Amino acid sequence: MKLDFSGLESSAPLYGGNNGLLCDGFSDAPSFDLPVTSDFDGFQKNSIQMVKPAKGTTTLAFIFKEGVMVAADSRASMGGYISSQSVKKIIEINPYMLGTMAGGAADCQFWHRNLGIKCRLHELANKRRISVTGASKLLANILYSYRGMGLSVGTMIAGWDEKGPGLYYVDSEGGRLKGTKFSVGSGSPYAYGVLDSGYKYDMTIDEAAELARRAIYHATFRDGASGGVASVYHVGPTGWTKLSGDDVGELHYSYYPVEPAIVEQEMTEAIVA
Amino acid sequence: MPKEHANWSPYDNNGGTCVAIAGADYCVIAADTRMSTGYSILTRDYSKICKLADKSFMASSGFQADVKALQKVLSSRHLIYQHQHNKQMSCPAMAQLLSNTLYYKRFFPYYAFNVLGGLDSEGKGCVFTYDAVGSYERVGYSAQGSGATLITPFLDNQLKSPSPLLLPAKDAVTPLSEAEAVDLVKTCFSSATERDIYTGDSVEIIILNASGVRHESEQLRKD
């Protein structure tokens, strides 16, 4: 099979002098740099994997004056097929801690339930609630031990403990980051855009909820792998509460209402005798 | 050194489609009875539905050897539960047991696409839908298997109920009566049979309600 190099041909003429020193008959021909490897097809597959689009979802969480705001969409996709529009991506670990789901649904569901069990055992053994730092570390250590085995988890652990609001990002590569604002999933670039432009530490709960809702809505608008229902949760000193769950299709029309067309003459249906 | 690949696979796909619909006080679980391998039909008369408990039925498509193993594991776990607790397992409890059973084989999965249908402790219909490694969700209706992509859009059109994630919550119970739901299921299968080569022969339907269990069977195209 002949590769088409026509795109590489330049219109400028080649230097005659240099060619004499370097040429061996091949330097005239344009060429791609090809990797030096015995398994060319495997190499190609791996490089495609490296730039593969992120887990199909949009989740976000941020800390502000009144606590932590957590929001997510609810679409699950298998390749191009939407397998569900009503997936619970915000998982209630216990009454004061939430986890978000991105990546493999079964992996996230199972390990978050497992984390909830471990948190309860900690409470029973130590007679006090586990901190967000501790809970996120438990999960991160488990995921690190399964590193390389194909688990796919991109989660945020949000909660309120003795030190106040806490937010950690934990993933299946073994990463664990403390932070004040995160968004995970294929829709995260869009969510970050809205989040970064509207964020202020001194927001009220309602303002923060509306910011989170808008960020999810805009991500679902532009990202095909995100959609369904935008859920918004707030974590405060007394635990979490679900603030809203809105269908993003309906949110669109509430943000951008359609002007009814001005009709001058209307045709009515003829009455059939 | 390039990796060597095996010249056989432990899995096979025996095809078939499963559907379940939850109603206010009933549940309909249905599956076709065709078992295939590649382009051949192994049998026209194979049941994909298994009774796990008085009020829980599981229908599974995919690799029937794994399905059979999964059914055996769940039935024996239920028997142990009955010995220890002196009562039957509720459908939501069975749903979580199935999820955990599937996830314990996360690195060598059961190639089974399951739908669990039954009545919850309040007598309302419940349907749980699964992927191969155990993630699950309680839904109003579900289809799994080779004909799922043909049936699900039709059920979305006929039954689409408000998402359980909406707040303020909207009631998600299917308004259909039991007879209408059974008729809908028969329609689903005859349509799927037209366009999916792995679905056909006949459909086995189980109807679960307060008065007990009922079986129905309907012939489908055998080509």
Side-chain angles (χ1 to χ4, degrees), chain A residues 37-43 45-46 71-91 101 103-114 117 146 148-152 209 213 227-233 241-251, chain B residues 1-5 22 92 95-110 112-115 127-153 155-157 159-170 172:
Chain A
T37 170
S38 48
D39 177 22
F40 186 75
D41 285 309
F43 181 88
K45 278 204 191 103
N46 285 333
D73 75 317
S74 69
R75 177 173 287 185
S77 36
M78 274 172 24
Y81 183 71
I82 296 173
S83 46
S84 175
Q85 285 274 63
S86 55
V87 177
K88 275 194 77 167
K89 294 193 187 174
I90 298 179
I91 298 162
M101 180 199 291
D107 293 334
C108 290
Q109 267 186 15
F110 184 88
W111 290 111
H112 277 120
R113 197 187 310 142
N114 186 273
I117 294 169
Y146 285 102
M149 295 184 70
L151 290 186
S152 172
R213 198 175 302 121
V229 168
S231 304
V232 181
Y233 282 67
T241 32
K242 181 161 182 178
L243 294 179
S244 68
D246 300 290
D247 185 295
V248 296
E250 283 166 31
L251 273 183
Chain B
M1 198 181 83
K3 203 171 174 183
E4 264 184 35
H5 283 287
Q96 183 143 318
L97 176 63
L98 174 54
S99 171
N100 284 327
T101 308
L102 291 169
Y103 200 82
Y104 277 123
K105 273 174 67 67
R106 168 68 174 76
F107 299 113
F108 184 11
Y110 287 108
F113 295 97
N114 310 293
V115 168
V127 169
F128 295 90
T129 189
Y130 294 81
D131 70 0
V133 276
S135 98
Y136 77 113
E137 227 203 295
R138 181 169 177 174
V139 286
Y141 59 89
S142 172
Q144 290 277 5
S146 55
T149 48
L150 296 165
I151 292 176
T152 308
L155 290 179
D156 283 337
N157 176 267
L159 297 176
K160 180 88 189 271
S161 44
S163 170
L165 298 172
L166 290 173
L167 192 73
K170 290 197 192 133

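What you see is a predicted model, and the numbers here were worked out from it, not measured in a lab.
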Residue pair Tyr136(B) / Arg113(A): nearest heavy atoms and the distance that separates them = CE2-NH2, 3.6 Å
inquiry  = Which residues in residues 95-105 of chain B have any heavy atom closer than 4.5 Å to a heavy atom of chain A?
reply    = Gln96(B), Ser99(B), Asn100(B), Tyr103(B), Tyr104(B)
message = Checking side-chain polar atoms at under 3.5 Å, does Ser86(A) have a donor or acceptor matched by the opposite partner on Glu137(B)?
response = yes
note = Note: vs chain B, highest number of non-hydrogen pairs under 4.5 angstrom among Asp107(A), Ile82(A), Ile90(A), Val229(A) is Asp107(A)
Proximity breakdown for Tyr130(B) and chain A, heavy-atom pairs closer than 4.5 Å = neither
request  = Can you tell which part of Ala132(B) gets under 4.5 Å to a heavy atom of chain A, answering side chain, backbone, both or neither?
outcome  = neither
ask   = Roughly how far, to the nearest 0.5 Å, is the OG atom of Ser135(B) from the NZ atom of Lys88(A)?
value = 14.0 Å
query = Where does Val87(A) contact chain B at under 4.5 Å (heavy atoms): side chain, backbone, both or neither?
reply = both
query = Within residues 242-251 of chain A, which positions have a heavy-atom distance to chain B below 4.5 Å?
reply = Lys242(A), Leu243(A), Ser244(A), Gly245(A), Asp246(A), Asp247(A)
